[in-house]
Amino acid sequence: MRATVYQGTGDVRVENVPDPVIKQPTDAVVRITHACICGSDLWFYRGLDNWKPGWRTGHEWMGIVEEVGSEVRNIKKGDRVLAPFAFSDGSCEFCGKSLQTSCVRGGFWGGESNDGGQAEAIRAQFADGTLVTIPKEVENDDAILTKILPLTDVMSTGHHAAISAGVRQGGTAAVIGDGAVGLCGVLAAKRLGAERIIIIGRHEDRLDIARRFGATDVVKSKDQQAVDEVLEITKGGAESVLECVGTESSMDNAISITRPGGAIGYVGVPHGSETINLSHMFFSNITLRGGVAPARAYIPELLDDVIAGKIDPSPVLDLTVDLNGVPSGYAAMDKREAIKVMVRP
């Protein structure tokens, strides 16, 4: 089969690799019908993560089950399934606490030793604990499937930021970052009932989507000027801040714009943001929560809302390529010519 393989900085290739097979009785083999390129994929693409040539790429996918292992009970051949970006056994202490990204036997799609989702097919580990079956009534509705696809990562991650930041009915939220996660954070804050939602970003096409998703205020400035504008808009800071970038400056800004007694939900993958202004947080009683999103815990409720027409995160998918077009999709996202690329193998 064909799959996308990392070969070096700025170099991903679609290559022929061995077909996936059942290795453990809890496995499934899934033919991939939809996948994505993620903003976090750009870290290794740009040489900023310690990736090695030959590693598989892609952690966002859905598809149709072709084979299941002897111990798989809830997933069957022919099911159309959605996969969170991490696999989990569904039975450990942390899965029981809806923290599947900390599963003691789990992991993430792609990388050194796992199949990636930017491929024709995949070996899905712990099928029962990981995969979510898409209801029969919408399993062949392509428009609905496109709306569902962002739940694999960015919509669930934006929701995790909103939950972690304590977004509440009638409250004020500020979102740092106009990438796919930040935009989905706006949608999540709106879903949770925030009355005022401020988006901090610089790209007009993305800010247009943020407005469609529920942003009431837009701040296009950077660094201290952006902080000053948010403080002025909110008269002292936002009670809920969603940090969706992961850099030192974005975290500094998040702390600076949080109202005393407020909370920051951080979901941006940390790159240079390991040092934070703990003193400011201490004296302002600011809560910091978040981390890698347990997407498997959130997908069922978000899936219900997508099918019911209550939310639609699909506008973040602004470019579609086939599997052979994955390298050009990476390049488009790297150049900010696309927000998020959908792959249709």
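- Of all the heavy atoms in Ser256 and Leu231, the pair that sits closest is O-CD2, 3.7 Å.
- The CG atom of Leu99 lies 8.5 Å from the NZ atom of Lys97; values are rounded to the nearest 0.5 Å.
- Atom NZ of Lys222 and atom NZ of Lys220 lie 15.0 Å apart (nearest 0.5 Å).
- Residue Ile264 holds its CD1 atom at 5.0 Å from CD1 of Ile255, rounded to the nearest 0.5 Å.
- Between Leu145 and Glu139, the shortest heavy-atom distance links the atoms CD1-O, 3.5 Å.
- The backbone N or O of Ser88 sits less than 3.5 Å from a side-chain atom of Thr130, completing a donor-acceptor pair.
- For Asn324, the side chain to side chain donor-acceptor pair (under 3.5 Å) test picks out Arg2, with sequence neighbours left out.
- The heavy-atom pair separating Ala238 from Ala173 by the smallest distance is CB-C, 4.4 Å.
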Walk me through it: do Phe44 and Thr57 pass the test side-chain contact (heavy atoms from CB on, under 4.5 Å)?
CA-CA 10 Å; Phe44 66 73; Thr57 67; 3.8 Å; yes
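- Heavy-atom minimum distance, Gly117 versus Ala35: O-CB, 3.4 Å.
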Given Asp79 and Lys136, is the side-chain contact (heavy atoms from CB on, under 4.5 Å) satisfied, shown in steps?
CA-CA 9 Å; Asp79 283 346; Lys136 293 291 184 184; 3.9 Å; yes
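- The CZ atom of Phe213 lies 6.5 Å from the CG atom of Asp312; values are rounded to the nearest 0.5 Å.
- Contact check for Pro313 versus Cys184: side-chain heavy atoms found under the 4.5 Å cut-off.
- The other members of the hydrophobic cluster of Leu131, by chain and number, are Val30, Ile32, Trp61, Val65, Val68, Val72, Ile75, Val81, Phe87, Trp109, Ile122, Phe126 (side-chain heavy atoms under 4.5 Å, ILVMFWY only).
- Here the side chains of Asp41 and Tyr6 are not in contact, with every heavy-atom distance at 4.5 Å or above.
- At a threshold of 4.5 Å between side-chain heavy atoms, the hydrophobic network of Ile, Leu, Val, Met, Phe, Trp and Tyr places Leu323 and Leu317 in two separate groups.
- Considering only heavy atoms from C-beta on, Leu319 stays 4.5 Å or farther from Glu337 through its side chain.
- Side chain of Thr152 to main chain of Phe85: no donor-acceptor pair is present (N/O by atom type, distance under 3.5 Å, no hydrogens or angles).
- Asn114 has its side chain out of reach of Phe108: every pair of non-hydrogen atoms, C-beta onward, lies at least 4.5 Å apart.
- In this structure, the side chains of Asp223 and Asp252 stay at 4.5 Å or more apart for every pair of heavy atoms.
- Tracing side-chain contacts under 4.5 Å through hydrophobic residues (I, L, V, M, F, W, Y), one reaches Ile311 starting from Met342; they form part of the same cluster.
- The minimum heavy-atom distance between Val17 and Ala3, with the atom names listed, is CG2-CB, 3.7 Å.
- Without hydrogens or angle criteria, Asp178 side chain to Leu207 main chain gives no donor-acceptor distance under 3.5 Å.
- For the pair Cys36/Lys340, a side-chain contact is recorded, criterion being any heavy-atom separation below 4.5 Å from C-beta on.
- Here CD of Glu243 is found 3.5 Å from OG of Ser250. Values are rounded to the nearest 0.5 Å.
- Checked by atom type and distance alone, the side chain of Ser240 pairs as donor or acceptor with a backbone atom of Ala165 at under 3.5 Å.
- Looking at Glu71 and Thr26, their side chains never bring a donor and an acceptor atom within 3.5 Å of each other.
- One N or O on the side chain of Arg196 and one on the backbone of Ile233 form a donor-acceptor pair closer than 3.5 Å.
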Evaluate side-chain contact (heavy atoms from CB on, under 4.5 Å) for Asp142 paired with Arg344, printing each intermediate quantity in order.
CA-CA 11 Å; Asp142 200 61; Arg344 296 297 303 270; 3.2 Å; yes
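- Val245 and Val218 fall into different hydrophobic clusters, where Ile, Leu, Val, Met, Phe, Trp and Tyr side chains are chained together by heavy-atom contacts under 4.5 Å.
- Looking only at distances, a side-chain donor or acceptor of His271 sits under 3.5 Å from a matching main-chain atom of Val269.
- There is a path of hydrophobic side-chain contacts, each under 4.5 Å, that joins Leu302 to Leu242.
- Asp27 places no side-chain N or O within donor-acceptor distance of the main-chain N or O of Gly69, the cut-off being under 3.5 Å.
- Considering every non-hydrogen atom in both Ser91 and Asp89, the closest pair reads N-OD1, 2.8 Å.
- No continuous path of hydrophobic side-chain contacts links Leu42 to Val181 [ILVMFWY only; heavy atoms under 4.5 Å].
- Remark: the backbone N or O of Val227 is not paired with any side-chain donor or acceptor of Gln224 at under 3.5 angstrom.
- Taken from SG in Cys244 to CD1 in Ile199, the straight-line distance is 7.5 Å, to the nearest 0.5 Å.
- We find that Arg73 and Asp128 are not joined by a salt bridge, their nearest charged nitrogen and carboxylate oxygen being 4.0 Å or further apart.
- Other residues, nucleotides and ligands contribute more than 12 heavy atoms inside 6.0 Å of the CD atom of Glu66.
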Please assess Leu149 against Ser314 for the test side-chain contact (heavy atoms from CB on, under 4.5 Å), listing each intermediate value before the final yes or no.
CA-CA 8 Å; Leu149 183 59; Ser314 65; over 6 Å; no
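- Screening Glu120, Glu15, Arg31 against Met1 for a side chain to side chain contact (heavy atoms under 4.5 Å, CB included) leaves a single residue, Glu120.
- The side-chain hydrogen bond (donor to acceptor under 3.5 Å, both in side chains) pairs that include a residue from residues 293-302 are His160-Tyr298, Arg191-Glu301, where partners are two or more places apart or lie in different chains.
- By the 4.0 Å N-to-carboxylate-O rule, Arg211 lies close enough to Glu204 to be salt-bridged with it.
- Side-chain contact check for Thr172 and Arg259: no donor-acceptor pair (N or O, by modelled atom type) lies under 3.5 Å.
- The closest side-chain heavy-atom distance from Asp153 to Cys38 is below 4.5 Å.
- Asp318 places none of its side-chain heavy atoms less than 4.5 Å from the side chain of Ile209.
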